[in-house]
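Every chain is numbered from 1 and lettered A, B, ... according to where its sequence line falls, protein lines coming before strand lines. The model shown is predicted, which means the values in this text are computed figures rather than measured ones.
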Protein chains: 2
Amino acid sequence: MASMTTAAGRSLSHGRIDKRQAILAAAFTVFARRGYEQAGVQEVAEEAGVAKPTVYNHMSDKETLFRETLIETAESVAAENLAIIDRLRQPVEDLPAVLEDVAYRLLRTCCGERSRALRWLTYAQVARFPDLIEAVQSRTTSRIRDAFADRIAWLTMSGQLRPCDPTLAAEQLLALITGPLEGRGRLGTRKVTTAELRTVSDAAVVTFLRAYEADRA
Amino acid sequence: MASMTTAAGRSLSHGRIDKRQAILAAAFTVFARRGYEQAGVQEVAEEAGVAKPTVYNHMSDKETLFRETLIETAESVAAENLAIIDRLRQPVEDLPAVLEDVAYRLLRTCCGERSRALRWLTYAQVARFPDLIEAVQSRTTSRIRDAFADRIAWLTMSGQLRPCDPTLAAEQLLALITGPLEGRGRLGTRKVTTAELRTVSDAAVVTFLRAYEADRA
DNA sequence: ATCCTGTTGAACGCATGAGTTCAATTTGGC
DNA sequence: GCCAAATTGAACTCATGCGTTCAACAGGAT
């Protein structure tokens, strides 16, 4: 009877520190470093400070380990992004400034180690685990898009944005934020300067507002 | 001394049909189907209708085989996209209509088998071959962006678009075209309807023109 | 103290697949 | 027809790594 876990992730069997979390964290580190196939279960165990059979005590397979790791990371990344968008819940007086701030933070997160590695690992295993794309995106991109759409809907109702399809507007704003850097290979391996992030996110907001700002009458 | 090849890809040693091309084509098929690590050289050989040692006669490594395959495909995909953008070289009378046509074709290409597989394979092997991102993107995304920027510069000079940074505008237009479907996981495994492509590409052009069209005075 | 449960390290079996070897055969050029 | 280069199939070597086994061990509960 391997460790069943509560919603909080704490082990039920005895009060021991849950090694499950350590294993998942280590697994993500190693998978991100080497990729799925190149990563060895042995290496994950070492990174977690644990013996190999212990890993198999918690996860039946390398595949299971991979899936749980990606899901876990997806939830974490999503939470980070949703927190940023929540900035738009408080009433906004200076819309461009607030949007630029949100856009900048989102872009910074999307360029971060975790987000990049998550995207890579997910797409890398399309051939082997096609369902993972759906599993990860429904937890990240879709939720972020919907949260943004909610904020845009409110902004529209308060007259700060022109009437539009909020979901489409959210998709386009997100595309404007993350697209340019992707095209420059900067969501790839190269370093990104803070200035470049600001330039791109500001430009995204400017273009978005030109297209979606309510006519000033 | 294995076969040196001319620019046309024809084998110099005797007039034999160049098996190199067959091998590269088969390799892309197999890599796209299985991914780099899962694809076997044996399987590539079978797909190409060739014996395994023959593959090693043309490519020293599995790694070399992979690199050459990706580069070859990148050139091919780029050519396809550049041809679409060339549509903008002839003088345009109805800018929205032409842009929508170009956007739709680009999106259709980007959702195609070859493009998707190329992206996947490239990003999938970031951990092992980090330089491939640069190699592929410099042949595809960068060139497409630059070609688009050229057209946009001309359109600006002819007064059909407002003054802007053509490269940034190109990046943003491309982002608007391909971003939304990516967010929906539609550049993933799911099927995409023609209608959906049209909706997204039209919306991209509408938003782009709202932001970049010259003021009608 | 003594159970029970989970951990440890080391070794193992086993499958997979890269890259090679080689002798036999095909191919196209001359 | 003849040669040289390329191709073929089969078998082989060798490294890698998953998943398992097991005997010894640790640590909390009663």
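- For an aromatic pair to be called close, the ring centres must be under 6.0 Å apart, and Tyr123(A) with Tyr123(B) fails this.
- Checked against side chain to side chain donor-acceptor pair (under 3.5 Å), Glu37(A) has the following partners two or more places apart in sequence or in another chain: Arg128(A).
- Atoms CD1 (Ile23(B)) and C1' (dT7(D)) sit 11 Å apart, rounded to a whole Å.
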For residues 199-208 of chain B, tabulate all N or O donor-acceptor pairs below 3.5 Å that involve a side-chain atom, not counting sequence neighbours.
unit_1    : atom_1 : unit_2    : atom_2 : d
Thr199(B) : OG1    : Ala195(B) : O      : 2.9
Ser201(B) : OG     : Leu197(B) : O      : 2.9
Ser201(B) : OG     : Arg198(B) : O      : 3.1
Thr207(B) : OG1    : Gln172(A) : OE1    : 2.5
Thr207(B) : OG1    : Gln172(A) : NE2    : 3.3
Thr207(B) : OG1    : Ala203(B) : O      : 3.2

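- A side-chain N or O of Ser76(A) and one of Arg114(A) form a donor-acceptor pair less than 3.5 Å apart.
- Between Met59(A) atom CE and dC18(D) atom C1' the separation is 16 Å, expressed in whole Å.
- Distance, Asp18(A) CG to dT7(C) P: 9 Å, rounded to whole Å.
- When the side-chain nitrogen and oxygen atoms of His58(B) are compared with OP1 and OP2 of dT7(D), one or more of them lie within a distance under 4.0 Å.
- Of the listed nucleotides (dT8(C), dT7(D), dT8(D)), dT8(D) has the atom at the smallest distance from the side chain of Ala51(B).
- In plain terms, the two heavy atoms of Val136(A) and Ala74(A) that are nearest each other are CG1-CB, 4.2 Å.
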Heavy-atom protein contacts under 4.0 Å, nucleotides 14-24 of chain C, coded B base, S sugar-phosphate only, - none: ----SBBB---
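- Atom CZ in Arg20(B) sits roughly 17 Å away from atom C1' in dT7(D) (whole-Å rounding).
- Relative to the six-membered ring of Tyr56(B), Lys62(B) misses at least one condition, a distance below 6.0 Å or an angle of at most 45° to the axis.
- The CZ atom of Arg34(A) sits 13 Å away from the P atom of dT16(D) (whole-angstrom rounding).
- The CG atom of Asn57(A) sits 16 Å away from the C1' atom of dC18(D) (whole-angstrom rounding).
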